[in-house]
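Written out below as structure tokens is the structure these notes cover.
Basis for what follows: all heavy atoms, side chains included, without hydrogens, waters or symmetry-related copies.
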Amino acid sequence: MTDVRRRHPESDRGNERSNEQLSDIPEDRSEREDKEDVNHGAVDSEDDKLPEDQFIEEMSKEIPQGTDKTAEALDQALAGFSQRWKNWIIRGIFTWIMILIFGVIIWCGPLALMFTALLVQVKCFSEIINIGYAVYKIHGLPWFRSLSWYFLLTSNYFFYGESMVDYFGVLFHKTDFLIPLVTYHRFISFCMYIIGFVWFVLSLVKKYYLKQFSLFAWTHVTLLIIVSQSYLLIQNMFEGLVWFIVPVSMIVCNDVMAYMCGFFFGKTPLIKLSPKKTWEGFIGGGIFTVIFGLIASWFLCRFPYFVCPIQYSEAIDRLNMDCEPGPLFQPTEYNLPIFLQTFFSMLGLSKTFVIYPFMLHSLSMSVFSSDFGDIIPGHGGIVDRFDCQYLMATFVNVYISSFI
């Protein structure tokens with residue numbers, strides 16, 4: 001009995017321990033369930049969950065990346081150079097190729113420039129939309145890319161149709177089947193947009209509303225950035241090719257000279273976002289851009305072909321760029337500041353100087369200009385190359401409307 005009595009307390013203790021362990025199990029489970037509920041509450045829908053690692057790798061393949069890939073023959077020819085000088089030579093070669101192509105397009109006339117601007121716009125839109133499409137494809141959602149391209153078509157029909165009506169209305173009214181398109185242009189544009197919006201609503205998938213509306217907004221922001229600004233680029237051309245060529249050339253000059261000055265003299269980093277850019281390159285590029293802008297403006301102002309507005313002439317039945325240049329493009333005499341007049345008179349020099357007034361406006365554009373995937377070796381994608389061109393086009397259009 002004593003043995004039984006002695007063992008009994010021990011068994012009680014064992015039972016107490018087992019009971020404690022059993023009681024602990026549901027508490028741990030409940031705690032885990034509470035944590036899972038809290039975490040689940042932080043995710044409103046499937047849209048907010050991060051994609052798996054395999055999907056991230058797929059996205060990185062879909063999204064355009066910068067590249068230094070070059071032709072094998074070019075790699076072999078430059079095999080004896082260091083990577084730094086190799087990149088410098090490749091960048092220089094393709095820079096001159098692009099400048100040559102740009103010159104040929106200018107020689108082909110304003111229609112070739114407009115067509116080129118349209119092609120660049122489509123390629124830029126494609127690069128940005130492909131980023132959204134890579135996200136969209138993970139969830140197997142329908143119609144995103146088709147809708148995006150449809151809205152691009154609708155936006156271009158509206159914006160470029162406005163330009164055609166304004167500048168070529170006389171020509172369109174001569175053709176009977178085009179008259180309704182001119183008369184009801186905005187109504188047709190509105191109907192096209194409504195069709196696209198209804199199409200988007202019909203494509204919505206339950207539990208993915210947030211993701212789909214986010215990418216719907218992505219498409220519209222892309223249209224705002226790309227299409228609207230390329231439209232302003234075309235508007236600038238109609239004011240005279242000089243308003244297109246000089247700003248575009250300034251950005252190219254700034255990009256090239258900032259790279260050159262940074263390559264040879266760069267020591268002080270400019271910003272952490274772009275570790276390869278330096279203060280020396282930034283300042284050198286700005287100085288050379290101002291000088292280039294003055295020289296280019298002086299040269300182009302001498303030719304009516306570049307300074308006259310582009311208009312459709314009913315008399316000759318084609319685009320006309322002949323006119324009497326306005327005061328902005330006529331040589332004008334200006335007085336030097338008073339403190340410089342005294343100094344110049346001591347040297348026996350003139351107190352006045354003669355320049356084209358447009359050259360003074362080029363100074364404003366040169367101050368605004370700044371340097372700008374895998375299309376152009378040593379440079380980057382189309383968006384990387386033309387983003388600043390679009391911003392400059394907007395600035396020039398606002399500048400013309402406000403000060404000219």
Side-chain angles (χ1 to χ4, degrees), residues 97-126 149 152-182 185 188-189 223 226-252 296-297 299-326 329 358 365 375 382 385-386 389-390 392-394 396-397 400-401 404:
I97 290 175
M98 288 188 291
I99 292 174
L100 179 62
I101 293 173
F102 182 61
V104 171
I105 295 172
I106 293 174
W107 178 79
C108 291
L111 291 180
L113 285 170
M114 295 175 194
F115 183 71
T116 303
L118 182 60
L119 290 180
V120 170
Q121 175 217 108
V122 171
K123 184 57 184 176
C124 289
F125 182 83
S126 175
W149 286 104
L152 176 67
L153 175 65
T154 302
S155 301
N156 276 311
Y157 177 81
F158 172 73
F159 281 113
Y160 286 95
E162 290 284 303
S163 296
M164 297 299 103
V165 171
D166 291 339
Y167 293 98
F168 301 98
V170 176
L171 174 63
F172 288 162
H173 279 94
K174 288 183 176 181
T175 309
D176 293 337
F177 75 92
L178 291 177
I179 293 177
L181 297 178
V182 174
H185 170 71
I188 295 172
S189 302
L223 292 172
I226 301 298
V227 179
S228 61
Q229 294 191 107
S230 65
Y231 166 74
L232 297 179
L233 195 70
I234 302 298
Q235 292 292 101
N236 296 342
M237 289 187 200
F238 281 111
E239 296 295 329
L241 290 181
V242 69
W243 291 107
F244 169 80
I245 296 173
V246 170
V248 168
S249 302
M250 281 181 175
I251 291 179
V252 175
S297 299
F299 177 79
L300 294 178
C301 285
R302 301 164 60 205
F303 302 97
Y305 177 83
F306 294 110
V307 301
C308 290
I310 301 174
Q311 296 176 339
Y312 175 78
S313 174
E314 189 176 4
I316 59 177
D317 197 26
R318 62 179 177 84
L319 291 178
N320 182 31
M321 299 167 63
D322 294 328
C323 69
E324 181 66 27
F329 307 105
F358 180 81
M365 292 185 284
I375 297 298
I382 296 295
R385 188 56 38 201
F386 288 95
Q389 298 285 7
Y390 284 133
M392 174 61 94
T394 304
V396 171
N397 190 270
I400 293 172
S401 302
I404 305 301

What are the two closest non-hydrogen atoms of [X] and [Y], and how far apart are they?
{"X": "Ala117", "Y": "Ile234", "value": "CB-CD1, 3.9 Å"}
{"X": "Cys323", "Y": "Pro304", "value": "O-CB, 4.2 Å"}
{"X": "Asp322", "Y": "Cys308", "value": "C-SG, 4.0 Å"}
{"X": "Val242", "Y": "Pro247", "value": "O-CD, 3.7 Å"}

Distance from [X] atom [atom1] to [Y] atom [atom2], nearest 0.5 Å?
{"X": "Ile310", "Y": "Leu111", "atom1": "CD1", "atom2": "CG", "value": "8.0 Å"}
{"X": "Met365", "Y": "Met250", "atom1": "CE", "atom2": "CE", "value": "5.0 Å"}
{"X": "Tyr390", "Y": "Ser228", "atom1": "OH", "atom2": "OG", "value": "10.0 Å"}
{"X": "Gln229", "Y": "Cys124", "atom1": "CD", "atom2": "SG", "value": "10.5 Å"}
{"X": "Ser155", "Y": "Phe125", "atom1": "OG", "atom2": "CZ", "value": "7.5 Å"}
{"X": "Asn397", "Y": "Ile404", "atom1": "CG", "atom2": "CD1", "value": "11.5 Å"}

Fit a plane to each ring of [X] and [Y], take the angle between them on a 0 to 90° scale, and name the class: parallel (under 30°), tilted (30 to 60°) or perpendicular (over 60°).
{"X": "Trp243", "Y": "Phe329", "value": "perpendicular"}
{"X": "His185", "Y": "Tyr157", "value": "tilted"}
{"X": "Tyr231", "Y": "Phe159", "value": "tilted"}

Answer yes or no: is there a side-chain heavy-atom contact under 4.5 Å between [X] and [Y]?
{"X": "Leu118", "Y": "Tyr160", "answer": "yes"}
{"X": "Met321", "Y": "Leu241", "answer": "yes"}
{"X": "Met392", "Y": "Val248", "answer": "no"}
{"X": "Pro110", "Y": "Phe244", "answer": "no"}
{"X": "Phe358", "Y": "Val307", "answer": "no"}

Take atom CZ in Phe299; do more than 12 heavy atoms of anything else shown fall under 6.0 Å from it?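 Result for CZ/Phe299: open.
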Would you check if the side chain of Asn156 reaches a backbone N or O of Leu152 as a donor-acceptor pair within less than 3.5 Å?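 Yes, the answer is positive, given that a donor and an acceptor are paired below the 3.5 Å cut-off.
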